[in-house]
Amino acid sequence: MTAFEPEIERSFLREYRRAGLAWARYACIAAIVLVALFLAVPRLSANQTTAVILIRFLMLAILLLTFWILNWRSEFAADRYVVVVGMCSFLIMFGIATIVAVPKFGLVKQGFSPLPVVLFALFLNYGFLRLPVRVVSSLCLAFSVTVVIVAPEGFEGIGSLRLMLYLVAVNLLGLVLTRSIEFRERELFTQRRRAEAAQEEVERRARAAEEAHQEKTRLLAAVSHDLRQPMVAAVFHLSALKGGLEKGDVTQAVRQANRLGESIDTLGATLDHLLTAARYDSGTEPIRIGLVELNPLLRRLEESFASDALAKGIELRIRVPERRLMVTSDAMTLWRVLLNLVSNSVKFTHAEGREGRGVLVRVRVRDGLCRIDVADTGEGIEVKFLDDIWQPYFQVANAERNRERGLGLGLFLVRRALDHLPNHLLTLRSAPGRGSRFSLTLPGQWVSHAEIIGEPGDAMATTDVDLLNGAYLMLIEDDRDARRAIEELFTEWGAVYSSGANVEEALKDDESANRLVDAIVSDYRLPGGRDGIQSILELRKHIGAQVPAVIITGESDLASIRRRAPAGVAVLQKPFSVSEFARPIVDAVRTARHQESL
């Protein structure tokens, strides 16, 4: 029999012994009835001497006491099962052996063989008592040998060999029976544990599915509201913008254009947060763990929020270490986490006419770990909300959904992002009215010579965009409005382009260009059974060169697209800013110019 691990073995034995209480009671009842009959009916015994009667009374008392313990002190008996049942079995078999050994009893001479009582005692021990195999075998073998020794007359004569065979067979079969019972119980215990574990897993998944459904319902309701609002606002601003242009009111047109841009930015930010969180959940967001230089990220944070802090009249102190600091993380994900933490701190910290109000970002390194603290003197968070703030669209004291207080998706995205970064720990300490401190701990160390890791999301330089002036681009976009908007952007950059809803239209538009293509821009999902990757391959084949290309897509599974994409093809996910859109195109044009120079 295969034993379980120690903890599981103890659990099995407790259950096995508890189940044995019932069978031990049955054995006690059978033994009590037989002993009582021997006492009440003298003819069942060869001789009722005083010694024999006294021994039987003692045996009856032991059996009654054991039955009482098993029945009314079951917890005690289960915890000490081997001692209670084993001791009772030993004393009863000792009493039987003593009765057989009493000289005056003379049962053998009067034709009373000891074999029936021996076999019955063995049967009860092997078949009913859930004692360990070693214990029950030791008791029964010792009892059998003792009876043969103290009553040799009962095993002499012509039938002695048959009697001895019976005794040996009963012991052997009893051992097999005891082992079989325990083996069967172990199998049942294992199957029951598996069934219980499976049931618990099913219930856990059902709870998780229910929670996910409820979260999805809440999320969809909030998303529906927060997407519709900027869309409605954009429609109104657009209408007012047209009205201003028709009236020649340039001031109003500019104001409405700015507000239209704000609505679109809000819409884009909401979609970007949701899509990024979805990619983290689905595992399609690329996570590249490596060495990241922290100093440039901290300087970028300072550049990103310095004007906001100044406008609010609060201090923003980001202590960039003088020494180079390398951390082990994913550059883009770490940037998103820090960006959201600092953004929240700046957003919820107010000057309130007092000095010393602001946000502090500092770094500490110790024992191979880097701790980044983002502390503020803002509103703080009540203890009862500390778990809720990580949920999507949850905001403390913002029932009116004021967008100046954010979308309620920043910490939700932070939680999703950190779930995919190994050895990253984020802790929070906060007090209402006094502020909050987020502490991100991750592997890091000071270095003197290390590779500088590229910073995610670097802003496009003017000289980079100037590279697109005079560039020849091919565009494949089946959505007319989107294609028109991109064409206008190309025109603003000074680029020459040919475009179409598919390859054929783009090539037809290309007939009069008579020049080399610098870059191809294609949507991923296209009509006619071809996607952007296939379209780029066809255009490259037609052009006769491996022209650098950019695929734009709204798909959440970027990993599969990147795996299919040939060399020299960048993948950009919607929505994106103009600079994010320009970056891969500039890189593609720069690569094309380099190839031409060769």
Side-chain angles (χ1 to χ4, degrees), residues 268 271-292 328-337 339 413 416-422 451 453-458 460 464 473-479 482 486 502-503 506 517-543 545-592 594-595:
L271 287 174
D272 182 63
H273 277 74
L274 293 174
L275 291 175
T276 303
R279 292 198 301 272
Y280 281 128
D281 286 344
S282 63
T284 56
E285 176 69 11
I287 300 293
R288 301 180 181 88
I289 302 298
L291 291 178
V292 180
T328 304
S329 186
D330 174 73
M332 181 58 72
T333 304
L334 179 60
W335 168 250
R336 285 177 181 147
V337 169
L339 188 70
L413 182 58
R416 286 289 194 268
L418 290 178
D419 287 342
H420 294 78
L421 293 179
E451 179 183 358
I453 307 300
E455 301 177 36
D458 292 335
M460 290 291 297
D464 291 333
L473 311 175
M474 292 194 74
L475 170 65
I476 302 177
E477 171 61 74
D478 61 311
D479 186 277
I486 295 175
N502 49 47
V503 173
V517 179
D518 290 309
I520 301 171
V521 179
S522 175
D523 191 18
Y524 179 69
R525 286 198 175 273
L526 298 171
R530 286 181 298 192
D531 58 26
I533 294 176
Q534 295 168 323
S535 299
I536 290 171
L537 291 175
E538 288 187 30
L539 287 174
R540 283 180 170 181
K541 183 177 180 181
H542 177 81
I543 297 169
Q546 296 297 312
V547 180
V550 178
I551 287 180
I552 54 177
T553 178
E555 303 290 319
S556 60
D557 187 5
L558 295 186
S560 62
I561 299 177
R562 288 192 174 103
R563 284 194 297 267
R564 290 186 55 230
V569 176
V571 181
L572 185 63
Q573 187 177 47
K574 303 174 185 177
F576 42 75
S577 65
V578 173
S579 62
E580 289 172 335
F581 180 53
R583 190 189 321 279
I585 299 177
V586 168
D587 293 340
V589 171
R590 185 180 287 115
T591 301
H594 177 69
Q595 292 174 349

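The analysis underlying the following values was restricted to heavy atoms, covering all of them including side chains, and did not include hydrogens, waters or symmetry mates.
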Does the side chain of Ile476 reach to within under 4.5 Å of the side chain of Glu538, using non-hydrogen atoms?
-> no
Separation between CZ (Arg583) and CD1 (Ile585), nearest 0.5 Å, reads 11.5 Å
Paired with Ser535, the side-chain contact (heavy atoms from CB on, under 4.5 Å) test is passed by just one of Asn502, Val503, Ile551, namely Val503
I would like to know whether Leu339 and Arg336 meet side chain to side chain contact (heavy atoms under 4.5 Å, CB included); could you show each step before the answer?
-> CA-CA 5 Å; Leu339 188 70; Arg336 285 177 181 147; 5.6 Å; no
Decide yes or no for Ile543 and Met474: does some side-chain heavy atom of the first lie under 4.5 Å from some side-chain heavy atom of the second?
-> yes
Check whether any side-chain N or O of Arg540 sits under 3.5 Å from a backbone N or O of Val547 as a donor-acceptor pair, and report yes or no.
-> yes
Measuring from Thr328:OG1 to Leu421:CG, what's the distance to the nearest 0.5 Å?
-> 11.0 Å
Do the side chains of Ile552 and Glu477 get nearer than 4.5 Å, heavy atoms only?
-> yes
Determine, stepwise, if the pair Ile520 / Val550 fulfils side chain to side chain contact (heavy atoms under 4.5 Å, CB included).
-> CA-CA 6 Å; Ile520 301 171; Val550 178; over 6 Å; no
For Ser522, the side chain to side chain donor-acceptor pair (under 3.5 Å) test, sequence neighbours excluded, returns none
Can you find a heavy atom in the side chain of Leu418 that is under 4.5 Å from one in the side chain of Thr333?
-> no
Interatomic distance, CZ@Arg530 vs CG@Asp478, rounded to 0.5 Å, equals 12.0 Å
Min side-chain heavy-atom separation Asp479-Asp523 under 4.5 Å = no
Between Leu526 and Asp531, is a side chain to side chain contact (heavy atoms under 4.5 Å, CB included) present by the stated rule, with each step listed?
-> CA-CA 5 Å; Leu526 298 171; Asp531 58 26; 5.9 Å; no
Contact check, side chains of Val292 and Trp335, non-hydrogen atoms, under 4.5 Å = no
Nearest 0.5 Å please: distance from the NE2 atom of His542 over to the CG atom of Leu537.
-> 14.5 Å
Using a 4.5 Å cut-off on heavy atoms from C-beta on, say whether the side chain of Ile533 contacts that of Pro566.
-> yes
Can you find a pair of side-chain heavy atoms, one from Thr553 and one from Leu572, that are under 4.5 Å apart?
-> no
